[in-house]
Amino acid sequence: MAARPRLWARASSAVPLQDHMLFVGTLLGVGEAEVDQKCLNVENLVIGRGPETEIVDKKCSRHQVQLTADCNKGYVKVKQIGSNPTSVDSVDIGKNQEVKLKPGETLHMVNNLYPYMVEFLEGTSAAFLKKGEEKKSCNKRPSESGDGPKKCGRMDTETSVSSSKTSKNTEPTTSEKPNHVPEVKNQGHWSQGLKVSMQDPTMQVFKDDKLVVIKDKYPKARHHWLVLPWESISSLKALRVEHLELLQHMHSVGEKMIQEHTKLSNTKFRLGYHAIPSMSHVHLHVISQDFDSQCLKNKKHWNSFTTDYFLQSEDVIEMVKLNGRVTVKNGVSELLKSPLQCHVCKQPQSTIPQLKEHLRKHWAQ
DNA sequence: GTTCTAGAAC
DNA sequence: GTTCTAGAAC
């Protein structure tokens, strides 16, 4: 094991690196000759049952998954090679199929066992796969006893950094931190920014034991809030029936925000989710329909809030009720390229500046 | 997600 | 010439 800690230490001395981490990306400034071939294959790392993972379960193939890190895009492509199911956020990949594993999502190597998460190191081209904890009986939802947010035995950053059973080479860790969910440090990639913002008291405009509301850092309208659950839910894909109550609560808190901030006005709002959000961690947009904002700059911004790319909160809740999960239509990303059109009068607009000028007409009404 | 900028569109 | 978009880089 000696070679790996030495390598990791050079990757970033700021992060307490330890056993049970597998390197997946390309490292700047470290010669490949120094690299332990068992844990690193720059482009295609194939792992499964074996010493790297310490998995001995025969259900897991020696070549269970093939991993390819894309550090710029912030995900690791996971291809299931073995016959038994590998899953990402409880969705089976399928033999010879490939899915993206993003930070915050959990990869189960086989049969919903042997969890891993990916972490990127900022400023490097390095991605690490970190071993998680097996599922505990701990409920996913925070305690109902009303004594505030609690961390349960899930694999979030704090857990993964501080709780390795066999950790021997770690520097003093930060395990004595407040009992908050989820603790976020060294998330690295920009797509993890919401997890940092939601923890920042200066960003929070409301919170209770289930969720927090923050102002969007780059609001696309006069009023634009994000409602985020404390529970680490990476995306819509991970939503299940057990989240229904939470989704409804998020919706009603969103409505409360609207009431409280627009008491005397008849400002229109919509509450909903982006079909394929750029940022990790489920977040409900609560946005006024004036779209009067300098941060609204391009077609993608516009279409993400005014086409069916924007999934209404009620529809998402209904979908989870009926189907037990949220499905997003194939090709929904194409909607972001739709021709510009006023969301009020449907009049086509040729450019963003023209659209923004046109929108002024509707403000007075 | 944003920023930057080359080059398309005007 | 300027405006605007879209894709790469972060």
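In what follows, every heavy atom counts, from backbone to side chain, and hydrogens, waters and symmetry copies are set aside. Note on naming: letters A, B, ... go to the chains in the order of the sequence lines (proteins, then strands), and numbering restarts at 1 for each one.
At the heavy-atom level, A:Thr351 lies under 4.0 Å from the strands shown only through sugar-phosphate atoms. Backbone-only engagement by A:Ile352 is indicated by non-hydrogen atom pairs under 4.0 Å involving sugar-phosphate atoms exclusively.
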Counting only pairs under 3.5 Å, give me each side-chain donor-acceptor contact of residues 336-348 of chain A, with atom names and distances, residues two or more places apart or in other chains.
from     : atom 1 : to       : atom 2 : distance (Å)
A:Ser338 : OG     : A:Leu335 : O      : 2.6
A:Gln341 : NE2    : A:Lys346 : O      : 3.0
A:His343 : NE2    : A:Gln289 : O      : 2.9
A:Lys346 : NZ     : A:His343 : O      : 3.3

Would you give me the side-chain donor-acceptor pairs under 3.5 Å for residues 312-333 of chain A, sequence neighbours excluded?
from     : atom 1 : to       : atom 2 : distance (Å)
A:Gln312 : OE1    : A:Arg270 : NE     : 3.4
A:Ser313 : OG     : A:His251 : ND1    : 2.7

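The ring-ring contact (aromatic ring centres under 6.0 Å, His included) search around A:Tyr75 returns none, not counting sequence neighbours. The salt bridge (Lys or Arg N to Asp or Glu O under 4.0 Å) search around A:Asp89 returns none, not counting sequence neighbours. Partners of A:His223 according to the ring-ring contact (aromatic ring centres under 6.0 Å, His included) rule, which considers only residues two or more places apart in sequence or in another chain, are A:Trp225, A:Phe269.
The side chain of A:His189 contributes no N or O atom lying less than 4.0 Å from OP1 or OP2 of B:dG1.
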Sequence-aligned protein contact record of nucleotides 2-10 of chain B, with B where the base is within under 4.0 Å of a protein heavy atom and S where only the sugar-phosphate is: SS-------
